[in-house]
Amino acid sequence: MQEQYRTVARAGVHESEINRSRFLCSLAPAATEEEAQDFVARVRKEHPTASHNCFAYVIGADASVQKASDDGEPGGTAGVPMLQMLMRREMRYVVAVVTRYYGGVKLGAGGLIRAYGGVVGEALDALGTLTRQRFRLATIHVDHQRAGKLENDLRATGRDVREVRYAEAVTIEIGLPDGDVEAFTAWLADTTSGTATLELGGEAYGDATV
């Protein structure tokens with residue numbers, strides 16, 4: 001798995017005008033290829049009279065799914081530069097649709113490539129990006145007497161406390177960077193006088209702490 005990846009902070013639209021043509025870049029996070037395709041379909045429905053609705057998306061932390069479409073523009077002048085911009089910025093789980101309303105001035109192949117790639121870059125700058133970090137899911141089992149203080153200590157030290165459940169014992173689910181597991185295990189033993197246990201689970205991604 002990738003240690004980290006970047007994605008768009010929120011969905012939104014950024015507009016540029018180039019030689020009288022309007023370029024609207026709609027960006028959104030997409031967890032699956034189906035979500036990306038649904039977003040493309042929605043944007044096309046919103047702009048049925050546009051000259052073109054070109055798209056590119058990257059799904060997977062390792063960019064395992066990459067798709068692009070020129071939607072009638074000359075081959076390689078729209079979808080590919082959009083995809084290249086997403087990849088250059090190391091964007092993942094993201095979909096971009098650039099809607100063009102033709103303004104009567106031809107841009108030529110080079111102009112189109114710069115326009116479609118450029119408006120995606122501008123949209124990423126305008127909407128912002130997030131870094132997502134790989135971490136290990138872990139469950140702490142601790143007695144009721146120590147649970148409250150332990151939870152406070154975890155939050156005070158900036159740990160990613162995901163869920164707390166009270167039953168006969170208390171379970172606290174956290175996210176740990178892989179490199180912290182050994183040091184955290186020692187800290188937990190020291191903090192709880194060896195009474196708490198740590199159970200390591202699978203891996204996932206969460207917002208990276210700055």
Side-chain angles (χ1 to χ4, degrees), residues 1-134 204-208 210:
M1 293 174 74
Q2 296 281 110
E3 279 301 315
Q4 63 182 34
Y5 67 85
R6 296 170 71 193
T7 192
V8 66
R10 59 187 174 87
V13 182
H14 175 77
E15 181 173 345
S16 289
E17 184 174 318
I18 302 168
N19 286 352
R20 298 212 299 253
S21 280
R22 288 175 63 212
F23 290 85
L24 291 86
C25 180
S26 302
L27 275 178
T32 64
E33 186 170 10
E34 184 180 12
E35 277 188 26
Q37 291 170 346
D38 287 347
F39 181 76
V40 173
R42 284 201 304 276
V43 174
R44 281 182 168 159
K45 195 172 181 181
E46 289 171 13
H47 298 280
T49 62
S51 311
H52 308 277
N53 282 292
C54 307
F55 71 80
Y57 56 78
V58 183
I59 307 297
D62 57 354
S64 56
V65 178
Q66 301 176 31
K67 293 282 175 65
S69 167
D70 296 315
D71 192 37
E73 292 281 32
T77 63
V80 169
M82 290 169 62
L83 181 61
Q84 287 173 339
M85 180 60 71
L86 294 176
M87 294 298 294
R88 193 179 308 146
R89 297 289 192 94
E90 299 180 345
M91 300 300 294
R92 305 291 187 265
Y93 295 106
V94 64
V95 54
V97 183
V98 175
T99 301
R100 181 189 184 191
Y101 286 92
Y102 181 57
V105 178
K106 292 187 175 181
L107 300 181
L112 289 172
I113 290 168
R114 287 190 295 273
Y116 277 98
V119 74
V120 171
E122 290 173 11
L124 289 171
D125 292 339
L127 296 173
T129 61
L130 294 172
T131 299
R132 306 276 286 171
Q133 180 75 38
R134 182 167 66 93
Y205 288 91
D207 292 341
V210 179

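Predicted model, so just to flag it, every value in this text is computed and none were measured.
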Practice task
Step by step, work out the side chain to side chain contact (heavy atoms under 4.5 Å, CB included) result for Y57 and V65.
Solution key: CA-CA 8 Å; Y57 56 78; V65 178; 4.0 Å; yes

Exercise for the section: Indicate the atoms forming the closest heavy-atom contact of A28 with F39, along with that distance. Expected result: CB-CE1, 3.6 Å

Problem - Pairwise side-chain hydrogen bond (donor to acceptor under 3.5 Å, both in side chains) hits with a residue in residues 100-126, at least two apart - result: H14-E122, S16-E122, S21-R100, H47-Y101, E73-R100, E73-Y116, R89-D125

Practice task
Could you check if a side-chain atom of Y93 sits within less than 4.5 angstrom of a side-chain atom of E35, using non-hydrogen atoms only?
Solution key: no

Practice task
Grab the two heavy atoms, one from D62 and one from R92, that are nearest each other, plus how far apart they are.
Solution key: C-NE, 4.2 Å

Handout entry: Least distance between heavy atoms, G75 atom then D70 atom
Key = CA-OD2, 3.4 Å

Practice task
Please name all residues satisfying salt bridge (charged side-chain N to carboxylate O under 4.0 Å, His left out) with E15, sequence neighbours left out, ordered by chain then number.
Solution key: R22

Practice task
Search all heavy atoms of G76 against all heavy atoms of V80 and return the closest pair with its distance.
Solution key: O-CB, 4.1 Å

Handout entry: Atom of V8, atom of P29 and distance for their closest heavy-atom approach
Key = CG1-N, 3.4 Å

Handout entry: Derivation of the side chain to side chain contact (heavy atoms under 4.5 Å, CB included) call for E46 and T99
Key = CA-CA 10 Å; E46 289 171 13; T99 301; over 6 Å; no

Practice task
Give a yes or no answer on whether the side chain of D71 reaches the backbone of H52 with a donor-acceptor pair at less than 3.5 Å.
Solution key: no

Exercise for the section: Step through the shown structure and confirm whether more than 12 heavy atoms of other residues, nucleotides or ligands are within 6.0 Å of CD on E34. Expected result: no

Problem - Q37, CD atom: more than 12 neighbouring heavy atoms under 6.0 Å - result: yes

Practice task
Please assess M91 against V58 for the test side chain to side chain contact (heavy atoms under 4.5 Å, CB included), listing each intermediate value before the final yes or no.
Solution key: CA-CA 7 Å; M91 300 300 294; V58 183; 5.9 Å; no

Completion exercise
When every non-hydrogen atom of I59 is compared with those of T32, the smallest separation belongs to CD1-O, 3.7 Å

Problem - Worked verdict on N53 versus V40 for side chain to side chain contact (heavy atoms under 4.5 Å, CB included) - result: CA-CA 8 Å; N53 282 292; V40 173; over 6 Å; no

